[in-house]
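Here's the structure, in structure tokens; my notes come after.
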There are 2 protein chains.
Amino acid sequence: MQGRVEVSDDTLTARQKDVLDAALGLLVEGGDALTMTGVARRASCSKETLYKWFGDRDGLLTATVQWQASKVRVAPVTREGLNAKSLFTSLEGFARDWLTVLSGEISVTLNRIAITHAATGKSDLGAIVLTNGPFAMARRLKPVLEIGREAGLLSFKDTDEAFRTFFGLVVRDMQIRLLLGDRLELTEAAIARDAERATQQFFALYGATSETAAGKDAGGNTRKGIPHARLL
Amino acid sequence: MQGRVEVSDDTLTARQKDVLDAALGLLVEGGDALTMTGVARRASCSKETLYKWFGDRDGLLTATVQWQASKVRVAPVTREGLNAKSLFTSLEGFARDWLTVLSGEISVTLNRIAITHAATGKSDLGAIVLTNGPFAMARRLKPVLEIGREAGLLSFKDTDEAFRTFFGLVVRDMQIRLLLGDRLELTEAAIARDAERATQQFFALYGATSETAAGKDAGGNTRKGIPHARLL
DNA sequence: GCCGAACCGTAACGTACGGTACGGTAGAAA
DNA sequence: TTTCTACCGTACCGTACGTTACGGTTCGGC
């Protein structure tokens, strides 16, 4: 009867969440080959109920993506006690989390679904993933960057430009390769290494001074400092 | 009868190329909603001929992607007369070309198709696009980077790492946003600006000296030099 | 002119799947 | 107990589309 409401953590009954989790599982397993009959069987519910709750197949798909998106909770930014080292660590941790999420099966699957549907322009799955993906990343990261700038640790004119550069340094060609099916072994150690490298490079480009902030204080938390703007 | 051969410029008759171009046009217009009937009508050929030539729908899709890929010709790298300025210009032009291709409708469409099919694992469209996309970019760019290193203009240990960083600086979040349907107005001027910024940043990170190569000689071709590792 | 190959146009088949209808059941309300 | 609601399971319908089959046409070779 309802068929198309905003999906979030508390607008759904437990049973509905079960159904959406079943759909999510089928999506991850079988790609886009999701059938209403399959979901009904997996969730032990009737197709009639699916249509009553979600309207049609697109509604179910949309609700599933939103449901998964609503699961991702972001840690708030600590504004106090900021110095070069804590800023570096914060960005590095951010990069690590982001790479971990992006390389996960669920992220790859949902991005694929959304891209597939963005081609037809029918549903707005693309916009949803965009909102909960890159845009959410920007919303979360930009305050950190601006706080770093206010503290004199970073230097940039355009926050969006700085963010997008950080995005590029972190993600590089990883996501498109995963989406295209490249087998890309990503161990936790490799991700940590990538996150550190990306953060070092970002500081090399946007650090307020090329000697202190990025090099000595921040970069030297676990390993070598950054020799000017040269890495590796 | 044949149904599944390698598709390149000269293994196809002119008539077959016409058919593939028709398929390409339908793909760009209608996303993945490509039907055999539609291709036959658009190309004024019979479905029987389609099946005789390409085997099945996947074969047609694969041939179409390969056909488009075979159209992209890369300019050979000039090894002679290399200096910081020409290297900068070369990388910058490379970035501009790449951004222009990536933001084009055909690229977006084919990447979407390939990603869609990579989900099912059925056809190897993902591998094809991967080969003719990021991997081709790497094959083309890496020699340039290594020549630059041999000439003492660049400094890096791992060519692949340097390439992937360049990729990240150039593409950033542009491709994923386009794939997800984000309306992203990309004028020629904006692309040129992005290409220059990315190249400057790359030189800031990997230039052999942070003062001469990237800053004065190369970066100063049209606009301001690079103040150490700080941009903007 | 005749033949066969290649091809066009279209009709037809099979099937998978989205969507609907309906009978049956459990539980809460009255 | 009755009744209403929500749900399950399943059978069913309509359609879109991949795939095949077939009659008719063009064209190069002899």
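Note that this is a predicted model, so its numbers are computed, not measured. Note: hydrogens, waters and symmetry copies are ignored here, and every other heavy atom, side chains too, is used.
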Which nucleotide, [options], lies nearest any side-chain atom of [X]?
| X | options | result |
| --- | --- | --- |
| Y51(A) | dA6(C), dG18(C), dC8(D) | dG18(C) |
| T35(B) | dC17(D), dT19(D), dG9(C) | dC17(D) |
| W53(A) | dC8(D), dC7(D), dG18(D) | dC7(D) |
| T49(B) | dC7(C), dG9(C), dG18(D) | dC7(C) |

Distance-only side-chain donor-acceptor flag, Q201(A) / Y206(A), under 3.5 Å: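 No donor-acceptor contact under 3.5 Å links the two side chains.
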Distance-only polar pair, side chains of T49(A) and S46(A), donor-acceptor under 3.5 Å: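 Looking only at side-chain atoms, S46(A) and T49(A) do form a donor-acceptor pair, the distance falling under 3.5 Å.
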Residue closer to the 5' end of DNA chain C, S44(B) versus L34(A) (nearest nucleotide):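 Closer to the 5' end of DNA chain C: S44(B).
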Between [N] and [X], is there an OP1 or OP2 to side-chain N/O distance shorter than 4.0 Å?
| X | N | value |
| --- | --- | --- |
| R15(A) | dC8(D) | yes |
| R57(A) | dA16(C) | no |
| K47(A) | dG9(D) | no |

Candidate pair T13(B) and Q16(B), rule side-chain contact (heavy atoms from CB on, under 4.5 Å), full reasoning: CA-CA 5 Å; T13(B) 69; Q16(B) 289 172 328; 3.3 Å; yes
Return the value, rounded to whole Å, for the distance between atom [atom1] of [X] and atom [atom2] of [N].
| X | N | atom1 | atom2 | value |
| --- | --- | --- | --- | --- |
| M36(A) | dT10(D) | CE | C1' | 16 Å |
| R41(A) | dG9(D) | CZ | P | 11 Å |
| L60(A) | dG19(C) | CG | P | 10 Å |
| L50(B) | dT10(C) | CG | P | 15 Å |
| K52(A) | dG19(C) | NZ | C1' | 15 Å |
| D56(A) | dC17(C) | CG | C1' | 14 Å |

Heavy-atom side-chain contact between V171(B) and W98(B) under 4.5 Å: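 Counting from C-beta outward, V171(B) and W98(B) do come under 4.5 Å.
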dC7(C) base / E48(B) side chain donor-acceptor hit below 3.5 Å: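 Such a pair does not exist between side chain and base.
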CA sep, side-chain torsions, deciding dist, call: D58(A), D56(A), side-chain contact (heavy atoms from CB on, under 4.5 Å): CA-CA 5 Å; D58(A) 263 355; D56(A) 57 4; 3.9 Å; yes
